[in-house]
Amino acid sequence: MSKERLQDRAALEATVRRAYEAGRRALGSGAVANYIPALANASPGWFGLVVHPVDATEPVAVGDSDLAFSLQSVSKIFSLACLLNDDDHVVFERVGVEPSGDAFHSIVRLEEERGIPRNPLINAGAIVVSGRLKGATVDEKIAHFQGFLRGICTEGAFGVDEDVYLSEWKTGFRNRSLANYMRHWETLEDPMLYCETYIRQCAIEGTARGLARLGLVLANGGVDPIQQRRVLDGRDTRTLLAVMLTCGLYDEVGRIAVDVGVPAKSGVSGGLHAVVPGVC
Ligand code: GLN
C-alpha cells in the first residue's frame, strides 16, 4: 500500500479489514506452541491486526488487538534497541549480524563459531543481549527494559506473565544449554543470570496495539512521531531494521523477504511485528 493510500483513512481501514478477514480464514492451518507448556493455553482463534501509520495519532485496529500475550521473541528487537540506546555497541564483539538460516534455538553453529552467536535475534544472541541490559540483577535488568518500553508506549503495561515465565523457567533446558555453552567460550559471564533475564524478557506481555505503537519509532528513523522526540539513534535504527530483515524470521527469513519484503520479527506466542520504513 502506498503512503498516499495510507493517508486515506477509509481506504486504509478497508485494506486492514480485508487482510484481517484473509488471515482469519487461514487460522485453522497453524498450531499454538506447546514446548513452553503455558503457551498451549492460548486459543488458536485469537487474532488481532493493527496498522499504525507514522503520520497518524491513532492506529487502525481489528480483532483481538488489545489482548495481552507474552511477547516471546518479538521482544528481542526491543531489548537490542534498549542496549544500543545505552550505548553498548561492544555487544557486536560478542554477537554477529549474519543470518543463521537455522531454527531459533539451534546450537550447531555455536560449536563451529566458537561460542559467538550468528546474530542477536536467534536465542543464543538474544540471551547475550538480555544479560547485558543495565542492572546488576535479573529484576533490575527487566525493570530497566520495561522502563524503556513504557517510555515509548506510555499506555502499555508490559508486565511479566508469571505463569509463562515459570513454565519456561522449568522447561528451558535448551536455552540453559546455549548459555552454558557460551560461558565455556567466555562470550558471557554468568550463564544463569543471562538465561533468566532472557526468559523473563520473553514473558513480558504486550498487545498488538502496543507493538504497533513501539514500531512507529523504528518506522520513523528512531524519532517517536507522537511524542515528537528522538528515542533511538538513526544509525542504531538502521541496524535494528537490517537485522530484522536479515535475521528476524530465522530459517524462513528469505522466504518472507521474497514474499513480503519488509523487516519483521516473529515470536512463538504468535506475534508478528513488521515495519515499513517511513510508512507504518
Ligand atoms: N522464549 C522462547 C524460547 O526461547 C522464545 C522463542 C521464540 O519466540 N522464537 O524458546
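Note that ligands are numbered from 1 as they come in the structure, with each ligand's atoms numbered from 1 the same way.
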>> A side-chain contact here means heavy atoms from C-beta on lying under 4.5 Å apart; do Tyr194 and Lys141 qualify?
In response: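 No, their side chains stay 4.5 Å or more apart.
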>> Counting C-beta onward and ignoring hydrogens, is there a side-chain heavy-atom pair between Leu80 and Leu240 closer than 4.5 Å?
In response: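 Yes, side chains in contact.
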> Between Glu93 and Arg132, does at least one N-O distance fall below 4.0 Å, as a salt bridge requires?
Replying inline: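 Not counted as a salt bridge, because no side-chain N and carboxylate O are separated by less than 4.0 Å.
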> Parallel, tilted or perpendicular: which fits the ring planes of Phe148 and Phe145, with parallel below 30° and perpendicular above 60°?
Replying inline: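 Rings of Phe148 and Phe145: parallel, under 30°.
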> For the residue pair Phe104 and Tyr250, does the interplanar ring angle fall in the parallel (under 30°), tilted (30 to 60°) or perpendicular (over 60°) class?
Replying inline: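 Taking Tyr250 first and then Phe104, their aromatic rings sit tilted (interplane angle of 30° to 60°).
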>> Side chain or backbone, does Ser269 bring an N or O within less than 3.5 Å of an N or O on ligand 1?
In response: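 Not met; the criterion fails.
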>> Is there a polar contact between ligand 1 and Phe104, counting only N or O atoms under 3.5 Å apart?
In response: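 Between Phe104 and ligand 1, no N or O pair is found under 3.5 Å apart.
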> Considering only heavy atoms, does Asn123 approach ligand 1 within less than 4.0 Å through its side chain, its backbone, both, or neither?
Replying inline: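 It is the side chain that touches ligand 1; the backbone stays farther off.
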Per-atom contacts of ligand 1 with [X], taking only distances under 4.0 Å to non-hydrogen atoms:
X: Cys202; result: 1 (N)
X: Tyr198; result: 1 (N), 2 (C), 3 (C), 4 (O), 5 (C)
X: Gly267; result: 8 (O)
X: Asn175; result: 3 (C), 4 (O), 10 (O)

> Could you walk me through whether Glu21 and Arg17 pass the salt bridge (Lys or Arg N to Asp or Glu O under 4.0 Å) check?
Replying inline: CA-CA 6 Å; Glu21 295 302 340; Arg17 169 65 57 185; 3.4 Å; yes
Heavy-atom nearest neighbour in the protein, as seen from [atom], with distance rounded to 0.1 Å:
atom: atom 10 (O) of ligand 1; result: Tyr35 OH, 2.4 Å
atom: atom 8 (O) of ligand 1; result: Ser73 OG, 2.6 Å
atom: atom 2 (C) of ligand 1; result: Gln72 OE1, 3.2 Å

> Closer than 4.0 angstrom: is that true for some heavy atom of His105 and an atom of ligand 1?
Replying inline: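 Heavy atoms of His105 never come under 4.0 Å of ligand 1.
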> Counting only N and O atoms by type, is there a donor-acceptor contact under 3.5 Å from the side chain of Ser106 to the main-chain atoms of Ala103?
Replying inline: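 No, the answer is negative, given that no donor and acceptor are paired below the 3.5 Å cut-off.
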>> Working to the nearest 0.5 angstrom, can you tell me the gap between Arg109 CZ and Asn119 CG?
In response: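 It is 10.0 Å, given to the nearest 0.5 Å.
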